[in-house]
Participant: 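First, the structure itself, so that you have it in front of you.
First the proteins, then the strands, lettered A, B, ... as listed; each starts at 1. Just so it is clear, the model here is predicted, and its values are computed rather than measured.
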Protein chains: 2
Amino acid sequence: MKAKDSPAEPSSYSISELAREFDITTRAIRFYEDKGLLCPARRGQTRIYSPEDRVRLKLILRGKRLGFSLDESREIIDMYDPAHGNVEQLQRLLLHIEQKRAQLQQQLRDIESLMGELDDAEARARTALQLNIDS
Amino acid sequence: MKAKDSPAEPSSYSISELAREFDITTRAIRFYEDKGLLCPARRGQTRIYSPEDRVRLKLILRGKRLGFSLDESREIIDMYDPAHGNVEQLQRLLLHIEQKRAQLQQQLRDIESLMGELDDAEARARTALQLNIDS
DNA sequence: GCAGGAGTTTACGTTAACGTAAACGTAAGC
DNA sequence: GCTTACGTTTACGTTAACGTAAACTCCTGC
């Protein structure tokens, strides 16, 4: 009963397809791989990106929009896979999650106040504009 | 009727006072001045920071938390002062405000989804932890 | 009168995140 | 068989945002 006839996602992507889609250079994508954030399959020398690789790339770019470094983004992405066997590591992960949450909440507050100030600035600008036109 | 007996804000600050308060180095503060984000008064050679300077510094650091470059932060701070005389400039300012708003809204969405994913990651971690303890 | 602390300028060093360019391989179309 | 497009590796260049260090001034306490 689900509407399953959406554009139908490709099963793999070339490096330039991804570069185009996300408006970044192929150089950047290879750089992320160098830094251990991606490791696409290969056909011969050529990189082949799976839908999962694409998601990882998306996460990297979202991290960038939030001002995260590549290292931070890698940490966040690493929180996803359940490959954290032992208890100690899991507890460190929980701590890590808590820290990220706190950081995001701070960012939320920052955005909120900035939004308010943008409202003020806009109001002042509109007033000044009105004065300039009236005169 | 207002509770006016708060700690009473100082009328000026030294560079090291500000550095301590915001946990940054004096080098950073001077750097921000170099880049035109601050221009404190001077007594002889020595920099004297007004409460307004302090606010500007706060805004710079808030910008950093949101991943803004110093140039971006300067632009945002510049939206505050009403020194934008002519109509053309005011309209450019309004456009600029709109763009920043859009960027902030994107960041809000990014944070929202990331928060959700942190919740998931935490749940998975707790489950895995429970399994490890039970066994 | 001098050591210590806080301030200053000047200048070179460093890290992250790519950009840019060279030099090469491979497959497609004409 | 040659160009054109897309891919590869390797390597040096660049920008932002400071860190670090040297060399100096000025004031304060003892």
Side-chain angles (χ1 to χ4, degrees), chain A residues 10-50 53-54 56-78 100 103 107 110, chain B residues 10-50 53-54 56-78 100 103 107 110:
Chain A
S11 69
S12 74
Y13 308 84
S14 77
I15 193 169
S16 49
E17 279 169 0
L18 290 183
R20 232 172 333 209
E21 174 174 1
F22 296 114
D23 195 33
I24 56 182
T25 66
T26 62
R27 175 68 179 91
I29 297 181
R30 292 196 197 95
F31 181 76
Y32 300 151
E33 181 177 345
D34 260 27
K35 294 292 156 175
L37 288 121
L38 291 173
C39 54
R42 301 262 184 158
R43 187 174 43 207
Q45 288 273 75
T46 306
R47 292 164 173 83
I48 312 229
Y49 296 87
S50 69
D53 290 328
R54 205 191 79 124
R56 291 178 72 90
L57 183 51
K58 244 177 161 170
L59 295 180
I60 296 170
L61 299 178
R62 190 180 65 187
K64 294 206 66 182
R65 287 197 299 271
L66 291 175
F68 293 176
S69 72
L70 293 182
D71 280 351
E72 283 179 306
S73 285
R74 190 199 5 246
E75 288 174 5
I76 292 177
I77 293 177
D78 286 350
K100 277 298 158 196
Q103 180 186 349
Q107 284 189 287
D110 288 335
Chain B
S11 68
S12 75
Y13 308 84
S14 78
I15 193 169
S16 49
E17 279 169 359
L18 290 183
R20 231 172 333 205
E21 175 174 0
F22 295 114
D23 194 33
I24 56 182
T25 65
T26 62
R27 174 70 179 89
I29 298 181
R30 292 195 196 95
F31 182 76
Y32 299 151
E33 182 177 345
D34 261 27
K35 294 291 157 175
L37 288 118
L38 291 173
C39 53
R42 301 263 183 157
R43 187 173 43 206
Q45 288 274 75
T46 306
R47 292 165 172 79
I48 312 231
Y49 295 87
S50 69
D53 290 328
R54 205 189 80 122
R56 291 178 71 91
L57 182 52
K58 245 178 161 169
L59 295 180
I60 296 169
L61 298 178
R62 191 179 65 187
K64 294 206 66 180
R65 287 197 301 270
L66 291 175
F68 293 177
S69 72
L70 293 183
D71 280 351
E72 283 179 305
S73 285
R74 189 196 8 243
E75 288 174 6
I76 292 177
I77 294 177
D78 286 349
K100 277 297 159 198
Q103 180 186 350
Q107 283 190 285
D110 288 335

Participant: Would you say the side-chain atoms of B:R56 pair up with the backbone N or O of B:L37, donor to acceptor, closer than 3.5 Å?
Facilitator: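 Here the side-chain-to-backbone pair exists.
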
Participant: Taking distance alone, no hydrogens or angles, what donor-acceptor pairs closer than 3.5 Å link side-chain atoms of residues 62-70 of chain B to residues at least two apart or in another chain?
Facilitator:
unit_1, atom_1, unit_2, atom_2, d
B:R62, NH1, A:S113, OG, 3.2
B:R62, NH1, A:E117, OE1, 3.4
B:R62, NH1, A:E117, OE2, 3.3
B:R62, NH2, A:E117, OE1, 2.6
B:R65, NE, A:D110, OD2, 2.7
B:R65, NH2, A:D110, OD1, 2.7
B:R65, NH2, A:D110, OD2, 3.3
B:S69, OG, B:D71, N, 3.4
B:S69, OG, B:E72, N, 3.2

Participant: Do you know the tightest heavy-atom contact between A:S14 and A:Y49?
Facilitator: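 Smallest interatomic distance, heavy atoms only, reads C-CD1, 4.0 Å.
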
Participant: For nucleotides 3-22 of chain C, read 5' to 3', which letter fits each nucleotide if B means a protein heavy atom sits under 4.0 Å from the base, S means only the sugar-phosphate is that close, and - means neither?
Facilitator: ---SSBB-B-----BBBB--

Participant: State whether B:R42 and B:E33 are salt-bridged, where the test is any N-O pair (Lys NZ or Arg NE/NH1/NH2 against Asp/Glu carboxylate O) under 4.0 Å.
Facilitator: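 A salt bridge links B:R42 with B:E33.
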
Participant: Output yes when A:E75 and A:K100 qualify as a salt bridge under the 4.0 Å nitrogen-oxygen rule, no when they do not.
Facilitator: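 Answer for the salt bridge query: no.
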
